[in-house]
Amino acid sequence: MSFVCGFRLLSQSLAKKQLKAVRRCFSQFGTESDSERWRRIIADRESGHTSAFEDEDGNVIVPTGSLTNATPLRYYKEKSEIERDRHFVDWARIRCTGGNGGDGCISFLHLPNNPLAGPDGGDGGNGGHVILEANSQIKSLANVKSLYRGERGIHGMGKDMFGKSGEHTVVLVPVGTLVKKETGETVADLDIHGSKFLAARGGAGGKGNHFYLSNKNRHPAIAEVGARGEENVWVLEMKTVANAGLVGFPNAGKSTLLQAISRAKPKVASYPFTTLNPFIGIVHYDDFVQLAVADLPGLIPDAHKNKGLGISFLKHLERCVCLMYVIDLSVPKPWEQLECLKYELEMYKQGLSKRPHVIVGNKYDLEESKKNLEPLKDYIARNTPEGEIPLPVIPVSGKYGENIVEFLNHLRGLYDLYNKPETTEEGFVW
């Protein structure tokens, strides 16, 4: 423990080139851990070694990035003692009605010297739209109402005065919100800050009688009525935008681990199902990269049969780059937990459990955990297909902070290797 702390302080004081040299020196003396060896072999594409990671279509996921060897930053500032109420909602049904267009006006201009100056009825204003906009400052659908209306357009008036168009109603939703029809069909994915979706179009304003003036009809006595706005019903489903997700049984120590690696303060207690909704923590690195880690509620056997809290919250894993299987090493046969977790993920969505992942053995501070670590590694090695590298098991203690640095380094390694940057319309790569 003192060696890890000393190396951490040393890494913060040395330059990046010196830091790489120190790590290279340590690896020559045999201090390379299983996770470091796994990352080094996978990053070396010329070695020919692959992992068992697959996408939903069964295609092997090939690492496209390169290791940065960034160092996780240590938190010196104390966490706030204020307990804030957190009302998390990830599903909502809303009815959106666009504003009606203003009516056109029938009017004839009368002047002192020209009592028959002709038609001068103005057009009505357009109705306002209802727009859904993704905003990174919004974290939940709790503030989304069930009914939204666009502003009505003003009617046209005489003397060719056009009515004012109604203001648009903008509804702010979290980044990562899916917009679906009531049938379940997805019509929009608001996964970028500032992306918008037109939920209900406002009606067009009616034409006044001046619009119908022609050589054949010099005194039109007709005008249009403003069109009615659209009325649509949408189902909003929020999927948390996180880089990694913690998956495990109840009381496996996921919330404690999230507290140890970030400044998040999820509820921690000695009874199961303490976490009822996803909780996000941010991990900082010395190259200014921030990774979001999601703590999900616990899974139990037959959760796909709606036992426990069910599996509906697993939708928050679909956007994660990598998964973290948090296993309680203190229980007998901890590999049974791993197989159960993978099975429940497959019951939710085929191929979800084969995404890039790592196995985290929590509660390593207990004597039973130290005895179960090697059998778990042997089980994973026996069930690894020939030609592939067995996944490392990272023993940690979220309660006492043991081996947290190695866990954060492996998290960053998975992100560097398997994160696929997206190019926006402006050409920026994120």
Side-chain angles (χ1 to χ4, degrees), residues 55-56 61 86-94 96 130-146 148 170-182 184-199 232-247 254 258 262 264 266 275-284 289-297 309-324 345 348-349 351-353 355-357 411 414-415 418-426 428-430:
D55 57 13
E56 286 76 4
I61 302 178
R86 183 174 178 270
H87 186 48
F88 183 85
V89 177
D90 59 0
W91 186 93
R93 180 180 179 272
I94 62 173
C96 301
V130 178
I131 301 174
L132 304 180
E133 181 179 352
N135 190 290
S136 59
Q137 300 297 322
I138 307 299
K139 304 301 181 183
S140 171
L141 297 173
N143 295 325
V144 175
K145 302 177 183 178
S146 60
Y148 287 96
V170 180
V171 183
L172 299 180
V173 296
V175 175
T177 300
L178 291 178
V179 184
K180 296 183 177 181
K181 296 181 179 179
E182 289 187 296
E185 178 185 357
T186 301
V187 296
D189 186 359
L190 307 179
D191 58 346
I192 301 177
H193 174 76
S195 56
K196 299 178 181 180
F197 172 72
L198 185 59
N232 298 318
V233 177
W234 303 107
V235 175
L236 304 182
E237 184 178 300
M238 175 188 169
K239 292 183 178 180
T240 302
V241 180
N243 303 113
L246 301 178
V247 186
K254 302 184 297 299
L258 185 66
S262 69
T275 302
L276 301 178
N277 297 303
F279 211 101
I280 304 295
I282 305 298
V283 181
H284 299 263
V289 173
Q290 301 178 2
L291 299 184
V293 181
D295 173 25
L296 299 181
L309 296 179
I311 58 175
S312 62
F313 56 83
L314 293 180
K315 61 188 175 185
H316 299 285
L317 290 178
E318 296 184 26
R319 300 182 187 272
C320 294
V321 177
C322 55
L323 308 180
M324 305 288 170
L345 263 62
Y348 173 77
K349 185 177 183 180
L352 184 59
S353 66
R355 286 191 178 184
H357 58 269
L411 168 63
L414 286 177
Y415 177 80
Y418 293 100
N419 181 46
K420 296 181 180 180
E422 298 181 359
T423 304
T424 62
E425 296 180 355
E426 294 81 6
F428 296 104
V429 177
W430 300 98

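Computed over heavy atoms, backbone and side chain alike; hydrogens, waters and symmetry mates excluded.
- The two residues Met324 and Cys322 make their nearest non-hydrogen contact at CE-SG, 3.8 Å.
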Does the pair Ile280 and Val293 meet the rule for a side-chain contact (heavy atoms from CB on, under 4.5 Å), with working shown?
CA-CA 6 Å; Ile280 304 295; Val293 181; over 6 Å; no

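- Note that CD1 of Ile311 is 8.5 Å distant from CG of Leu345, once rounded to the nearest 0.5 Å.
- Between the Ser136 side chain and the His193 main chain, no donor and acceptor come within less than 3.5 Å of each other.
- Taken to the nearest 0.5 Å, the OG atom of Ser262 stands 11.5 Å off from the CG atom of Leu291.
- Taking all atoms of both residues into account, the shortest heavy-atom contact from Leu236 to Val179 is CD2-CG2, 4.0 Å.
- To the nearest 0.5 Å, atom CZ of residue Phe313 and atom CG of residue Asn277 are 10.0 Å apart.
- Under a 3.5 Å cut-off, the side chain of Thr186 and the backbone N or O of Ala188 do not form any donor-acceptor pair.
- Salt-bridge annotation for Lys349 and Glu318: present, with a side-chain N of the basic residue lying under 4.0 Å from a carboxylate O of the acidic one.
- Val173 is listed as a side-chain neighbour of Leu190, based on a closest heavy-atom distance under 4.5 Å.
- Considering every non-hydrogen atom in both Leu246 and Asp295, the closest pair reads CB-CA, 4.4 Å.
- Between Pro174 and Lys139, every side-chain heavy-atom pair lies at or beyond the 4.5 Å cut-off.
- Between Leu141 and Ala92 the shortest heavy-atom distance is CD1-N, 4.2 Å.
- Between the CD1 atom in Ile131 and the CZ atom in Phe197 there is a gap of 11.0 Å [rounded to 0.5 Å].
- Between Val233 and Ile94, every side-chain heavy-atom pair lies at or beyond the 4.5 Å cut-off.
- The side-chain contact (heavy atoms from CB on, under 4.5 Å) test with Asp90 is passed by exactly one of Glu237, Lys239, His316: His316.
- Rounding to the nearest 0.5 Å places CD1 of Ile282 at 8.0 Å from CG of Asn243.
- Between the side chain of Arg355 and the main chain of Leu317, a donor-acceptor pair closer than 3.5 Å is present.
- Gly245 approaches Cys320 most closely through the heavy-atom pair N-SG, 3.8 Å.
- Scanning all heavy atoms of the two residues, the minimum distance from Asn419 to Val321 falls at OD1-CG2, 3.7 Å.
- A distance of 16.0 Å separates CH2 of Trp234 from OH of Tyr148, quoted to the nearest 0.5 Å.
- Between Thr177 and Leu132 there is no side-chain heavy-atom pair separated by less than 4.5 Å.
- Under the 4.0 Å criterion applied to side-chain N and carboxylate O atoms, Arg319 and Asp189 are assigned as salt-bridge partners.
- Considering only heavy atoms from C-beta on, Trp91 comes within 4.5 Å of Val235 through its side chain.
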